[in-house]
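Remember, it's a predicted structure, so these values are computed and weren't measured experimentally.
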Amino acid sequence: MQEKVPNFQRVLILQGGGSLGAYEAGAYKALYEMVTKADNERGFKDKPLIDIVAGTSIGAINSAVLVSYVIEKNTWEGSAERLYEFWEYLSKESSLDYIPGFTYWWDFFHNKVNHDIATGEAARRYYATKEFSAVGVPTVFSPLMPRLDTKFFDPQNIWYRFDSKPLKRSLEKFAKFPIATTFDEKASMSQPRLILVSVDVAEGATVVFDSYEKEDGSRRTGYGKYIVQGGKELGFTHNIRYDDGITADQVIASASVPLNFGYIPLKVESYNNTTSSYEKNIRYFWDGGIMSNTPLTQVVLHHRYYWLNRKGFKDVVPKLNIAIVNVHPAKQDTIPWDHDGVINRREDITFSDRTEREEQAILLVSDLVDLGRELIKIAKDHGASDDIINSLLDRKTINHGLAIRPRKYSDILIGQFEIGDVVRINRKSDQHTISNKIFDFSSKTINQLIESGYKNTLDRSDVEYSGENF
């Protein structure tokens, strides 16, 4: 018997950005309070707070902490506090906070001598990241021995690297792995779906880890070219299996910042053209932010795939209401002219939210599906036979031989999806911002980020709405 389709599902997407993930913790707490209150007023009894939690890099880590908590406690109540505890655990006091007058004298020169000189707060953040780069943050990363340039013998080309094992240990302290969830409307509370994004370094491909099961009940990620030989579908070039659920290694693979951290090795089954078989091997992964720092498209595609193939819905899949927390501002009021400011602006633009364009493309596809259905209805109403229409729908699409699973025209017209309301919570840079802000885990900065995320979401000063509700 086919399950009842929920009217809509809610999605929380958390962007990557290192220590800026503390802002997401504050924004999430405000979002929790707002949605819980609205649900009570609308009479949404037993409606899950969030159905899908997705993230990249630090957003993936925050997402894993939240989903793990909900699975363990079978409630969203207390989840915001859990995330706060996680960030309190990650933060570290900077030695600059113990130097009397440090910020006072910087502010004096900034205000009285030259406004181009950094503010006291900007200087504190700047030198805090210098300190952490040298000695590390015990709960996040530790410095490795610098690697000298043995290729060009350039003394300026020294590679400063960090070990991410402390971050993995911190994650495992606050989240239980593996994480495997499923949709069950008969359960006392539907389990949230966890979707994370990483990158296969050699393949240059986005890799998505999903806590929900595939149509055969397994949990796996396939990526690369889709292989068809002799009319037989063999599957994607690479497959990662995790039937027990998403692992801590996979979460860290989403948060392995290139250059700063090393590759994360994962076991993969890859197709060997020579032997015409799949063989186990080790492949290496990087931070998903370099491909998709705001993984809206990945969420929509996997949402449709699950309801279409696992649940068997052919008409429409649940509408998605989406909240996105952006920590890298796409817009900035002033243009920077100093070196550090230019680097900071470049990084923000590089990792900023581009999902408005993706949203437009997704909705265009949905409209084309609706148009196709209407044209078929008109054709039938004007005498076109079922045989003619079915013959067309049974044909393979023009692009069936590319890096996607082969499909017929009829496959395009099933499982129509819709994006409903979209809420974007956009952190704004202040006058104290610095280029290496993602490494500032000082307690003062973390508390500032949490507070601003909470306050600016609650008073909606950082919020943009496309629609009326979430």
Asks: Kindly compute the distance separating CD (Glu358) from CG (Leu363), expressed to the nearest 0.5 Å.
Replies: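 Taking CD in Glu358 and CG in Leu363, the distance rounds to 11.5 Å.
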Asks: For the atom pair OH (Tyr98) and CD (Glu93), what is the distance rounded to the nearest 0.5 Å?
Replies: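 So the OH of Tyr98 and the CD of Glu93 are separated by 4.0 Å.
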Asks: Nearest 0.5 Å, what's the CZ-CD1 distance between Phe108 and Ile117?
Replies: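 Those atoms lie 10.0 Å apart.
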Asks: Answer yes or no: is there an ion pair linking Asp210 with Arg193, defined by an N-O contact shorter than 4.0 Å?
Replies: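 Salt bridge: yes.
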Asks: For the residue pair Glu213 and Thr182, confirm or rule out a side-chain donor-acceptor distance under 3.5 Å.
Replies: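 Side chains of Glu213 and Thr182: pair found under 3.5 Å.
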Asks: Between Tyr126 and Glu121, is there a side-chain donor-acceptor contact under 3.5 Å, judged purely by atom types and distance?
Replies: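 Absent: no donor and acceptor within the cut-off.
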Asks: Does the side chain of Asn272 pick up a donor-acceptor pair with the side chain of Ser277 at under 3.5 Å?
Replies: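 On atom types as modelled, these side chains do not qualify, holding no pair under 3.5 Å.
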Asks: For residues Ser57 and Asp287, is any side-chain donor paired with an opposing acceptor at under 3.5 Å?
Replies: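 Checked: Ser57/Asp287 side chains pair up, N/O donor to acceptor below 3.5 Å.
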Asks: Just checking, is any N or O donor in the side chain of Tyr28 or Ser79 under 3.5 Å from an acceptor N or O on the other one?
Replies: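 Yes, Ser79 and Tyr28 have a side-chain donor paired with an acceptor closer than 3.5 Å.
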Asks: Cation-pi check, Lys165 to Phe261: give yes when NZ or CZ is under 6.0 Å from the six-membered ring centre and within 45° of the ring axis, no otherwise.
Replies: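 Not satisfied by the 6.0 Å and 45° rule.
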Asks: Side-chain donor-acceptor pair under 3.5 Å between Asn281 and Ser270, yes or no?
Replies: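 Side-chain D/A pair, Asn281 to Ser270: present.
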Asks: With distance as the sole test, does Asp462 use its side chain to make a donor-acceptor pair with the main-chain N or O of Ile425 at under 3.5 Å?
Replies: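 Side chain of Asp462 to backbone of Ile425: no pair is present.
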Asks: Starting from the C-alpha separation in whole Å, work towards a yes-or-no answer on salt bridge (charged side-chain N to carboxylate O under 4.0 Å, His left out) for Lys168 and Asp249.
Replies: CA-CA 8 Å; Lys168 183 183 177 184; Asp249 286 331; 2.6 Å; yes
Asks: Compute the ring centroids of Tyr69 and Trp76, then answer whether they are less than 6.0 Å apart.
Replies: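 No.
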Asks: Regarding Ser218 and Asp216, do their side chains bring together a donor and an acceptor under 3.5 Å, going by distance alone?
Replies: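 Their side chains do contain a donor-acceptor pair, which is all the 3.5 Å distance test asks for.
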Asks: Looking only at side-chain N and O atoms, does Thr129 offer a donor or acceptor that is under 3.5 Å from a partner on Asp440?
Replies: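 The answer is no; no qualifying pair exists.
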Asks: Given 3.5 Å as the limit, does a donor-acceptor pair link the side chain of Ser170 with the main chain of Thr139, or not?
Replies: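 Checking the backbone N and O of Thr139 against the side chain of Ser170, a donor-acceptor pair under 3.5 Å is found.
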Asks: Going from CG on Leu364 to CD1 on Ile362, what distance comes out if it is rounded to the nearest 0.5 angstrom?
Replies: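 Rounded to the nearest 0.5 Å, the CG-CD1 separation comes out at 10.5 Å.
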Asks: Please name the pair of heavy atoms, one in Asp244 and one in Ala180, separated by the smallest distance, quoted to 0.1 Å.
Replies: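 Answer, listing the atom of Asp244 first, then Ala180: O-CB, 3.4 Å.
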Asks: Where does the angle between the aromatic ring planes of Tyr242 and Phe209 fall among parallel (under 30°), tilted (30 to 60°) and perpendicular (over 60°)?
Replies: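 Tyr242 and Phe209: perpendicular rings.
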Asks: Look at the side chain of Asn157 and the backbone N and O of Asp149, then say whether any donor-acceptor pair between them is shorter than 3.5 Å.
Replies: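 A pair under 3.5 Å: no.
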Asks: Any chance the side chains of Tyr212 and Gln191 put a donor and an acceptor closer than 3.5 Å?
Replies: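 Gln191 and Tyr212 do not have a side-chain donor-acceptor pair below 3.5 Å.
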Asks: Ignoring hydrogens and geometry beyond distance, is a side-chain donor-acceptor pair present between Tyr226 and Glu233 at under 3.5 Å?
Replies: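 Yes, side-chain donor-acceptor contact under 3.5 Å.
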Asks: Examine Tyr223 together with Phe236 and report whether their ring centres are nearer than 6.0 Å.
Replies: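 Ring centres of Phe236 and Tyr223 not closer than 6.0 Å.
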Asks: Which residue is it: Thr294, Asn293, Ile13? I am looking for the one with a side-chain contact (heavy atoms from CB on, under 4.5 Å) to Asp353.
Replies: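 Going through the options one by one, the only one that passes is Thr294.
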Asks: Would a distance-only check, ignoring hydrogens and angles, find a side-chain to backbone donor-acceptor pair under 3.5 Å from Thr36 to Glu33?
Replies: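 Looks like no, no N/O pair under 3.5 Å.
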Asks: Between Phe439 and Phe132, is the ring centre distance below 6.0 Å?
Replies: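 Not under 6.0 Å, so no.
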Asks: With no hydrogens and no angle check, do the side chains of Lys437 and Asn344 hold a donor and an acceptor under 3.5 Å apart?
Replies: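 The answer is yes; a qualifying pair exists.
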Asks: Charged N to carboxylate O below 4.0 Å: is that the case for Lys444 and Asp97?
Replies: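 No salt bridge links Lys444 with Asp97.
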Asks: I'd like to check Lys319 versus Ile419 (side-chain heavy atoms, cut-off strictly below 4.5 Å). Are they in contact?
Replies: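 The answer is no, as the side chains (C-beta and beyond) never meet within the 4.5 Å cut-off.
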Asks: If I take atom CD from residue Glu85 and atom CG from residue Leu90, how far apart are they, to the nearest 0.5 angstrom?
Replies: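 Glu85 CD to Leu90 CG: 12.0 Å, rounded to 0.5 Å.
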Asks: Could you note down all residue pairs passing salt bridge (charged side-chain N to carboxylate O under 4.0 Å, His left out) where residues 259-284 supplies at least one of them, sequence neighbours left out?
Replies: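 Sorted pair list: Asp200-Arg283, Glu203-Arg283, Arg241-Glu269.
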Asks: Ignoring hydrogens and geometry beyond distance, is a side-chain donor-acceptor pair present between Tyr454 and Asp459 at under 3.5 Å?
Replies: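 Note: Tyr454 and Asp459 side chains miss the donor-acceptor criterion.
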Asks: Charged N to carboxylate O under 4.0 angstrom, Asp348 versus Lys331?
Replies: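 Salt bridge absent between Asp348 and Lys331.
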Asks: Taking the side chain as every heavy atom from C-beta outward, state whether Trp286 and Ser256 have any pair of such atoms under 4.5 Å apart.
Replies: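 Yes; the side chains approach each other to less than 4.5 Å.
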Asks: Determine whether the side chains of His110 and Thr119 contain a donor N or O and an acceptor N or O closer than 3.5 Å.
Replies: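 Distance-only check fails for His110 and Thr119.
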Asks: Sub-3.5 Å donor-acceptor pair from the side chain of Arg427 to the main-chain atoms of Val327, do we have one?
Replies: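 Yes, the answer is positive, given that a donor and an acceptor are paired below the 3.5 Å cut-off.
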Asks: Does the side chain of Ser435 reach to within under 4.5 Å of the side chain of Glu347, using non-hydrogen atoms?
Replies: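 No, every pair of side-chain atoms sits at 4.5 Å or beyond.
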Asks: Could you check whether any side-chain N or O of Asp243 sits under 3.5 Å from a backbone N or O of Arg219, counting only pairs where one atom can act as donor and the other as acceptor?
Replies: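 Between the backbone of Arg219 and the side chain of Asp243 there is a qualifying donor-acceptor contact (under 3.5 Å).
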Asks: Mind checking the OG1-CZ spacing from Thr103 to Arg125? Nearest 0.5 Å is all I need.
Replies: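 Going from OG1 on Thr103 over to CZ on Arg125, the span is 12.0 Å.
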